[in-house]
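In what follows, a single structure is set out as structure tokens and then discussed.
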Amino acid sequence: MSVRGPELTEHGPGLEERGPGPVNVTLSVNGTERHLHIEPRVSLLDALREHLELTGSKKGCDQGACGACTVWIDGRRVLACLTLAMACEGHEVTTVEGLSADGELHAMQKAFIAEDALQCGYCTPGQIMAAVALLAEGHTADGEIGEWMSGNLCRCAAYPNIRAAVRAVRDGS
Amino acid sequence: MRPITYSRADDTAGAVTTVSADPTSDYLAGGTTEIDLLRRNVLTPRRLVDITGLPLTGVEEAPDGGLRIGALARMSEVAASPLVRERFPAVAEALEAGASPQLRHMATMGGNLLQRVRCTYYRDAVSPCNKRDPGSGCSALEGFSRGHAVLGTSAHCIAAHPSDVAVALAALDARVHTLGRSGEQVYGIDDFFLTPAHTPHREHPLEHGELITAIELPSAPVARRSVYLKVRDRASYEFALASAAGALSLVDGTIADVRLALGGVATKPWRAHRAEGVLLGAPATRDAFAEAARVELADAHPTRDNAFKVDLAQRVAVRVLETLTANGRTS
Amino acid sequence: MTTAIGQPLTRVDGRPKVTGAARYPTEFPAPGMAHACLVGARVAGGRVLSVDASAAWEEPGVLAVLTHENLPRIAGQPPLVPSLFGGPAPGETFFPMQDDAVHYAGQHVALVVADTHERAQHAASLLRIEYEESEPLTGIEQGRDQAYEPEAIFGGFLPARNSRGDVAAGLAQASVRVEGTYRFAANHHNPLETSGTTAVWDGDELLLHDGTQGVTATQLTVAALLGVPLSKVRVVSPYVGGSFGCKAMVWHHPALAAMAARAVGRPVKLALTREQMFTSCGHREEQEQHIALGATHDGKLTALSHHKLSPTSPFDDWAEPSLQTAAQMYACPNYEGSYRLFRANTMTPTFMRGPGDSSGMFALECAMDELACRLGIDPVELRLRNLASADPASGRPWSSNGLEECFERGAARFGWYDRDPEPRVRREGAWLIGTGMAAAGYPAPAPGTPQRARARIYADGSVVVQAATPEFGTGVATAMAQVAADALGVPVSRCRFEKGDTDFPGIAAAVGSAGAGMISAAVHTAATALREQLVGEAVADPGSPLHGADPSQVAVHDGRMTAGPATEPYTDLLRRNHRPDAEASGTWHPPGMDAPYATTTFGAQFAEVAVDPELGLVRVRRMTGAFAPGRVLNARTARSQLMGGMLWGLGQALLEANHMEHGTGRWVNASLADYLVAVNADAPDVAVELVEVEDREVNPLGVKGVGEIGQVGANAAIANAVHHATGRRVRKMPVTVEDLMELPLA
């Protein structure tokens with residue numbers, strides 16, 4: 001564990017340090033290179049929402065306890081609130097805005113609408129990003145979906161309909 | 001979150017040298033603890049050194065049949081590893097009982113061992129807390145402590161260790177490999193975690209900058225039928241109220257080998273040495289299991305809010321032992 | 001003819017929600033946006049001695065530090081009146097930073113504004129605030145001795161004591177008595193979107209994007225607090241990320257965001273942190289209820305005594321109305337109920353889904369289950385024997401009822417009737433299996449003000465209907481398009497409902513399950529007015545085939561007006577007359593409080609649980625609910641909302657608990673990791689039966705609402721199922737591991 005450092009000091013020994021003031025960061029988001037000028041402490045979630053106007057990824061808790069900020073990094077579902085934007089340089093970030101191509105909804109998005117797997121809609125992008133990733137991961141047997149979708153809280157409690165949407169896409173129906 | 005600087009390490013020695021030389025720096029791996037606690041002002045490093053690019057990943061087979069798990073392997077990768085699932089199923093079960101699928105894709109094995117306690121008073125960055133601010137006192141002693149520990153506590157700290165997989169690792173005699181300023185070290189897992197005693201801020205023996213490089217699981221045939229059981233209020237995405245990892249073998253109805261560790265109820269992943277002592281050579285009966293569990297919890301120190309954990313921990317231990325001796329899970 | 005109303009159409013706003021395109025209140029960009037961060041008091045009582053902001057000001061980008069020393073005084077404090085009454089609706093009659101007093105932990109004592117979110121947040125953490133601390137009063141055990149009976153609760157709208165008959169005599173004459181004290185942990189709403197406001201001043205005009213159940217309520221409240229003309233305050237909130245009551249009243253942050261924006265001369269975004277959601281927008285109070293039932297041998301109730309004790313804030317006599325529906329459910333001649341309060345170091349509690357009835361009906365329905373067990377009468381049968389043919393509290397007839405059919409259809413769907421009533425006789429491995437049921441009831445309240453909407457048809461036949469109500473998960477945009485389609489006789493696909501803007505005609509806050517009824521009433525009235533206007537023009541138009549027809553004989557369907565053989569599309573009428581569009585407004589005047597009938601929504605809940613008595617675990621395996629919510633506007637979204645309510649009942653029964661820590665007055669579970677709401681794996685599949693009953697009284701379309709009734713009684717059905725599984729009666733919520741561990745080890 002570190003000891004508390006001075007607020008702003010000269011850089012320390014060893015590896016090159018970037019920051020603490022704003023630095024140039026290049027992210028690949030939804031297949032597009034995006035250039036930001038941000039402090040190293042900016043989370044991926046805040047970079048998306050506040051700097052790139054990609055507000056589909058939601059902030060529900062900012063501490064890894066709700067799943068509303070679920071995005072993919074290199075195809076894996078992760079939490080953008082506990083990820084530094086800078087740490088994503090060199091990786092591919094995918095958000096809900098990158099899920100549907102050319103205005104055509106992803107099958108999971110269609111299934112969420114058809115199964116009424118959403119109410120207020122605030123957890124929905126995170127649920128969908130988790131659900132599509134789940135299909136790739138496996139764990140889609142009827143009895144498994146609930147457990148493997150439990151990282152995404154839905155306070156409207158659309159859970160049974162969310163499971164139905166995952167089953168529908170799994171079964172290609 | 002306080003201002004920070006960011007460095008990215010591309011070789012292990014350079015990372016260790018940098019962090020070791022700078023007491024205001026921390027490693028950044030999965031970030032699930034570090035970023036969370038930075039934002040809460042509980043951890044206050046000035047610099048983060050991102051080590052996710054270091055070649056400390058993967059699960060490798062050791063010549064003796066054991067496994068070497070890279071410190072930067074993600075929880076989800078290790079849980080999915082066929083080698084882990086076949087030889088150390090309790091490890092896979094514990095991993096999949098922890099956190100959420102998203103967090104398991106982020107969190108690394110080394111980071112999991114170093115995750116911080118979930119004590120409200122530690123996490124609020126305000127209350128007196130000997131772990132966060134040595135000498136300031138322990139707010140949990142008189143506070144709300146339903147989730148706190150009953151074993152390994154001291155008058156200075158009663159926070160429960162939150163890891164699931166560390167409980168399975170404790171039961172299965174894992175070893176923790178590190179690299180520090182003074183070279184490579186290997187710690188038995190039971191020695192790796194410290195009880196709070198008078199120094200709750202010291203949770204492990206690592207020097208600043210000493211980096212976990214691997215977790216070694218020694219070959220153990222008994223572990224092939226190991227199990228992990230976790231009890232919590234909700235069905236998923238919650239830390240344990242009580243948990244147990246176990247493995248057991250019988251010879252002629254008598255317990256020939258047994259491993260048992262408890263989670264959620266102790267200040268460190270709790271190897272149940274006393275219970276194992278009672279069980280070795282005993283018949284595999286519910287009475288023997290209950291007696292072993294009773295002996296293990298005999299010195300428990302509950303609070304007003306968590307007295308039920310003394311009882312619950314015994315029940316979880318007994319259930320694990322029964323599971324191991326029922327439905328063919330013993331070897 | 002098929003109507004659009006009732007059809008299970010998919011949500012019209014599904015697409016923006018699944019693509020992330022829907023904008024929530026803190027997602028509206030504005031040039032020069034600044035970010036505000038609130039600071040809550042670390043102590044639960046006392047006063048702020050000093051605020052040292054010097055370290056905060058050293059952080060780059062800091063624009064303002066507002067405290068009681070420099071925040072402008074409010075123009076006036078409106079009284080606490082539930083937002084359904086249509087006026088200003090502050091959540092508590094207290095506004096922070098007007099002086100140095102601290103009344104509860106987390107009370108806003110400072111607001112820091114900076115050019116980025118990170119800088120505001122960090123600067124806020126650098127404020128050094130010194131307090132003079134006084135010993136707080138927190139929970140029921142501390143406050144019991146100081147309890148008093150207020151004159152009224154609930155903003156003064158409900159008496160604190162009600163009685164009928166002679167409850168002592170009723171208990172004395174009873175053959176069987178059941179009595180118990182029920183304890184309820186405090187609950188926090190925790191919608192996934194935290195509350196937040198974006199405030200943009202343009203000269204003296206204020207634009208707010210606010211997470212609210214009523215844009216008008218936000219407008220009225222902020223204008224009153226700031227002393228700004230209503231015409232200068234516009235609130236635009238098309239989408240809100242859930243509420244469940246915590247956005248039903250208007251709390252401090254919208255006005256604070258506006259004050260901050262004025263102070264820094266830039267647009268300001270103020271999003272509460274998750275932790276601040278526990279101390280900034282109310283909660284369901286901790287409470288204790290004592291209930292006593294008396295009954296004859298054949299199960300007829302002779303007496304019901306029901307008393308509640310709960311903490312309230314230093315400012316307001318607030319208790320959620322837990323005793324109202326419980327007093328009306330059954331034909332019981334002798335009744336007495338009262339609320340007692342004590343003042344604690346807490347903010348004023350507030351509405352939370354199923355406000356009042358989810359706790360009051362829990363106590364009643366658990367007691368009824370106990371009575372059924374004592375008498376050896378099936379729990380459904382016991383309730384049928386006590387059905388009230390009129391409201392026992394007021395004597396007024398029901399506007400509609402449907403409870404008996406709910407019991408019948410719910411029981412049939414669930415498979416209740418072959419149940420063995422004997423507790424603790426079904427086992428599957430380590431699990432004991434049990435089933436339980438409960439009745440549900442919730443008022444169908446009317447708003448206090450006229451409700452308005454506007455309908456416009458364009459010459460191409462497309463229709464826009466507008467009303468100032470936000471969408472926070474109910475599916476209002478879909479349902480209101482259906483309502484407009486039927487009233488105008490156009491395909492629903494041609495109708496669009498525009499919402500969430502105070503520039504649209506006024507609607508009260510959509511709270512207490514009143515939203516669907518009152519908004520549909522306004523939309524129906526407006527669309528009907530537009531239809532009548534068009535029909536009137538057609539029959540008066542010599543160029544129309546309908547010329548001279550009797551307007552009352554003109555039917556409308558598929559965008560055309562028809563009287564006998566004569567028929568004309570709306571589009572022809574408009575085009576012929578060179579009209580780009582036609583528009584009409586509609587105002588619905590709700591019935592007053594003295595309407596000669598009682599309006600309550602009823603339902604029946606059934607649950608099956610598995611209990612591991614050694615480990616204390618409960619898992620709910622399935623739930624069935626049958627509800628009679630009057631007319632259903634959209635069967636798909638109604639089912640979803642009812643299902644969500646039932647799963648809320650599950651959470652309340654088994655998971656959700658908060659406690660104020662003695663000594664510090666802080667909430668002990670102030671995160672989503674600690675305050676446990678149900679996750680997917682907790683939620684079983686849920687069956688919902690819709691029992692449509694005709695109601696000619698509540699509103700034009702007979703809509704009684706589905707927001708709350710799904711939750712009421714679900715918790716009791718689960719607790720009763722736990723009893724059936726284990727033989728153990730747990731009179732508290734939530735029921736947790738430590739309540740159910742049994743069977744001592746060998």
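Note that these values count all heavy atoms, side chains included, but never hydrogens, waters or copies made by symmetry. Naming convention: chains lettered A, B, ... in sequence-line order (proteins, then strands); numbering from 1 in each chain. Keep in mind it's a predicted model, so treat the numbers as computed, not measured.
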> Is there a salt bridge (Lys or Arg N to Asp or Glu O under 4.0 Å) between C/Lys269 and A/Glu50 once you walk through the steps?
Replying inline: CA-CA 11 Å; C/Lys269 179 186 300 193; A/Glu50 305 294 343; 2.7 Å; yes

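The candidate from C/Arg274, C/Glu118, C/Met646 with the greatest count of non-hydrogen atom pairs under 4.5 Å with chain A is C/Glu118. Of all the listed residues (C/Gly645, C/Ala21, C/Pro684, C/Ala22), the one sharing the greatest number of non-hydrogen pairs under 4.5 Å with chain A is C/Pro684. Contact count against chain A (heavy-atom pairs under 4.5 Å) is highest for C/Ser640 among C/Gly644, C/Pro29, C/Ser640, C/Gly14. Between chain A and the residues C/Ala678, C/Pro16, C/Ala673, the largest count of heavy-atom pairs under 4.5 Å involves C/Ala678. When A/Asp116, A/Val42, A/Thr95, A/Asp46 are compared by the number of non-hydrogen pairs under 4.5 Å with chain C, A/Asp116 comes out ahead. Counting heavy-atom pairs closer than 4.5 Å to chain A, the top residue among C/Arg23, C/Arg353, C/Glu471 is C/Arg23.
For A/Leu153, the parts lying near chain C are the backbone and the side chain together; criterion is any non-hydrogen pair under 4.5 Å. For C/Gln641, the parts sitting under 4.5 Å from any heavy atom of chain A are the backbone and the side chain alike. Using a 4.5 Å cut-off between heavy atoms, C/Arg639 does not touch chain A at all. For A/Ala117, no part lies under 4.5 angstrom from a heavy atom of chain C. Proximity to chain A involves both the backbone and the side chain of C/Thr637, based on heavy atoms less than 4.5 angstrom apart. Looking at C/Thr273, neither its backbone nor its side chain comes within 4.5 Å of chain A, counting heavy atoms on both sides. Only the backbone of C/His189 comes within less than 4.5 Å of a heavy atom of chain A; no side-chain atom from C-beta onward does. Interface remark: A/Lys59 contributes backbone and side-chain atoms alike to the contact with chain C (heavy atom separation under 4.5 Å). For A/Gln109, the parts lying under 4.5 angstrom from a heavy atom of chain C are both the backbone and the side chain. The parts of A/Glu53 that come within reach of chain C are both its backbone and its side chain, each placing non-hydrogen atoms under 4.5 angstrom from that chain.
Side-chain contact between A/Arg41 and C/Arg119 is present, with heavy atoms from C-beta onward closer than 4.5 Å. Put simply, the side chain of C/Leu192 reaches to within 4.5 Å of the side chain of A/Cys66, judged on heavy atoms.
Between the side chain of C/Trp648 and the backbone N or O of A/Ala157, no donor-acceptor pair lies under 3.5 Å. A donor-acceptor pair under 3.5 Å is formed between the side chain of C/Arg636 and the backbone N or O of A/Ala114.
In this model, no donor atom of one side chain and acceptor atom of the other lie less than 3.5 Å apart for A/Ser150 and C/Asn680.
Within residues 118-149 of chain A, the residues having any heavy atom closer than 4.5 Å to a heavy atom of chain C are A/Leu118, A/Gln119, A/Cys120, A/Gly121, A/Tyr122, A/Cys123, A/Thr124, A/Pro125, A/Ile128, A/Gly146, A/Glu147, A/Met149, listed by residue number.
Judged as a salt bridge (Lys or Arg N to Asp or Glu O under 4.0 Å), and not counting sequence neighbours, the contacts of C/Asp685 are A/Arg163.
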